[in-house]
Amino acid sequence: MEPGDALYPAVRSNYLRAGSPGLVLRPRDAREVAEAVTFARSQPVPLSVRSAGHGISGRSTNDGGIVVDVSALDGIEVLDETSRRVRIGPGARWGQVAAALRPYGWALSSGDYGGVGVGGLTTTGGIGFLGRDHGLTIDHLRAAELVLADGTHVRADETENADLFWAVRGAGFNFGVVTAFEFEVDDVGDIGFAQLALDATDTAGFLRRWGAAVEAAPRDTTSFLVMGGPRDGRVVAQLMTAVNSDDAGTILSRLRPLAALGPLLGQSAQILPYPAVVSLPDAAHHAQGEPVTRSGLLEHVTPAFAADAERLVKGGETFFFQIRAMGGATADVAPDATAFAHRSANFSVVAFGASRARLDRAWDPMQHHFTGIYPSFETDPRPERLLDAYPPPTLERLRALKRRYDPENVFRDNFNIAPEPVPVVQG
Ligand SMILES: Cc1cc2nc3c(=O)[nH]c(=O)nc-3n(C[C@H](O)[C@H](O)[C@H](O)COP(=O)(O)OP(=O)(O)OC[C@H]3O[C@@H](n4cnc5c(N)ncnc54)[C@H](O)[C@@H]3O)c2cc1C
């Protein structure tokens, strides 16, 4: 599709970002993906890769370049019921995956939103509502098929192209276009899901108490927190909490400590099928808001972090401040087992703002609290963020693989790992 085509307005932008690519290619199978990549690399224009278009960084669209949009590769196929092996196309959305797995009594921890695509999330990590029990989405990945920069289509798993398989799980977007993923999914019944609204005007104290409660909770409990700026002097925290159990007594025992963290303003707790928790929203993409985000991975909600977070939230520089619980099973995997290395983080923090300069002024002094970043939540273009995403041993290994698999740096639309290091100019 090109500018002027009737359907171009529907494909030019992604969920959060406006774009005006010169050409959007929509291959229908791996062979066509290879043709698209081969054509795109012959053109001296930017190349973006898109699965479902929910990239927060907005790198799945561009201005004047080519977008390879693999949303048509959205099949979900059970390969083996005994081993719960499922093959999923990158264009599928997590709401569709949850619905397709439900009849088997299965689920795959993904994120908190059913509209997000399998391609973007699984090439980065996957911090989801079942995360403390089941780990990251990539921890369930058993194989991936990719079209590489030279147009070849390869399989990567623990035995075949094992180094590429390591790289796909955290930095996959630097190495090719994934055309299929194979996962081992989990048995998951109905789960407890609660939405609690609490007065968090005592913001630092509230965050400290919430952080401690989350770390003390059994692994079956994963809580996500959202705050906006103060209204009439009051800060409200929304807690979305999943308890991987269908037993009402267990669910209530997990929720009580969270409900006691501050004055309770509203509550709803239900026992739901997992697809109801990550339901599929309206799929239209209208480049909503063009937000700036800053993010970090945190080991503990320390008093110093909580005090800085209170200043940020009350200062009005962020309209959406979110902390997702990690830890639990995520930390069972060794830091060098996948290209996602930040296994000791118990929390993923992100702040959405309207002004880059104002958010940076508030956020930069907070950087020292963080042990790294999760690329999917970050829009900061400064090159030093790459070092936050990939610690030195991981980055070195990724660069060596980049020299082997993509020496001309064809795939560079997202947290680019250049084959040779680019000097970082500070200041
Ligand atoms: C509302 C919302 C909620 C979210 N919640 C969570 C959450 O709870 N947990 C979480 O972990 N993340 C979450 N995310 C972040 C999300 O995982 C990333 O933004 C992800 O990249 C979106 O995937 P996509 O396929 O929809 O994106 P796209 O915009 O299609 O792609 C984003 C980038 O991923 C890469 N990519 C996409 N497809 C492929 C492919 N087939 N092969 C290689 N590279 C590819 C490209 O670099 C592309 O620029 C959320 C995002 C949104 C907008």
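Each ligand, and each atom within it, is numbered from 1 in the order the structure gives.
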Aromatic contact, F370 with W363 (centres under 6.0 Å): yes
Closest protein heavy atom to atom 11 (O) of ligand 1, given as residue, atom name and distance to 0.1 Å: Y374 OH, 2.7 Å
Y113: numbered ligand 1 atoms lying under 4.0 Å from its heavy atoms: 1 (C), 2 (C), 3 (C)
Side-chain (H342) to main-chain (D388) donor-acceptor, under 3.5 angstrom: yes
Plane angle bin for W210 and F347 - parallel if under 30°, tilted between 30 and 60°, otherwise perpendicular: tilted
I127 and M326: CA distance, side-chain angles, deciding distance, side-chain contact (heavy atoms from CB on, under 4.5 Å) verdict: CA-CA 7 Å; I127 300 169; M326 296 172 64; 3.8 Å; yes
Lys/Arg N to Asp/Glu carboxylate O, R155 vs D157, below 4.0 Å: yes
Shortest non-hydrogen contact between T379 and S57, atoms and distance: CG2-CA, 3.8 Å
R324, H54, R412, M240: member with heavy atom nearest to atom 6 (C) of ligand 1: R324
Min heavy-atom dist G115 to ligand 1 below 4.0 Å: no
Near-ring test Y113/H54, centroid separation under 6.0 angstrom: yes
G111 neighbourhood, listing ligand 1 atoms whose heavy-atom distance to it stays under 4.0 Å: 7 (C), 8 (O), 9 (N)
Location of contacts on F173 toward ligand 1, heavy atoms closer than 4.0 Å: both
Nearest protein heavy atom with distance in Å, relative to atom 15 (C) of ligand 1: F377 CE2, 3.7 Å
Pair R87 + D80: basic N to acidic O under 4.0 Å: no
Subset of ligand 1 atoms that lie under 4.0 Å from at least one heavy atom of V177: 42 (N)
Ligand-residue contact atoms, ligand 1 with I127, heavy atoms, under 4.0 Å: 7 (C), 8 (O), 9 (N), 10 (C), 11 (O)
Within-cut-off N or O pair, G53 and ligand 1, under 3.5 Å: yes
G176: numbered ligand 1 atoms lying under 4.0 Å from its heavy atoms: 42 (N), 43 (C)
Identity and distance of the protein heavy atom lying nearest atom 17 (O) of ligand 1: L121 CD1, 3.4 Å
For atom 18 (C) of ligand 1, closest protein heavy-atom neighbour: S376 OG, 3.6 Å
Aromatic plane relationship, F377 with Y374 - under 30° parallel, 30 to 60° tilted, over 60° perpendicular: perpendicular
Close aromatic pair by centroid cut-off 6.0 Å: F224 and F129: yes
Heteroatom proximity flag, T124 to ligand 1, N/O under 3.5 Å: no
Within-shell test, G128 vs ligand 1, heavy atom, strictly < 4.0 Å: no
S51 N/O under 3.5 Å from ligand 1 N/O: yes
Shortest reach to atom 46 (C) of ligand 1 by a heavy atom, considering only N14, V49, T122: V49
Heavy-atom closest pair, residues F321 and A309: CZ-CB, 3.9 Å
Closest protein heavy atom to atom 34 (O) of ligand 1, given as residue, atom name and distance to 0.1 Å: G120 CA, 3.5 Å
Non-hydrogen atom of R93 closer than 4.0 Å to ligand 1: no
Ligand 1 contact by F175, heavy-atom criterion under 4.0 angstrom: no
Which residue and heavy atom of the protein sit nearest atom 42 (N) of ligand 1, plus the separation: V178 N, 2.9 Å
Close approach of D413 to ligand 1, heavy atoms, under 4.0 angstrom: yes
Salt bridge present between R85 and E184 (N-O < 4.0 angstrom): no
Protein heavy atom at shortest distance from atom 33 (C) of ligand 1: N414 ND2, 3.5 Å
Selected option - heavy-atom contact closest to atom 52 (C) of ligand 1, from V116, L136, V70: V116
Ligand-residue contact atoms, ligand 1 with G126, heavy atoms, under 4.0 Å: 11 (O)
Atom 8 (O) of ligand 1: the protein heavy-atom neighbour that sits closest, reported with distance to 0.1 Å: D112 N, 2.9 Å
D364 bridged to R382 by N-O distance under 4.0 Å: yes
Ion pair R397/D163, N-O distance below 4.0 Å: no
Heteroatom proximity flag, G117 to ligand 1, N/O under 3.5 Å: yes
Centroid separation F183 to H140 less than 6.0 Å: no
Atom indices of ligand 1, in the order listed, that fall short of 4.0 Å to a heavy atom of A52: 24 (P), 25 (O), 26 (O), 30 (O)
Short N-O contact, D413 and R50, less than 4.0 angstrom: no
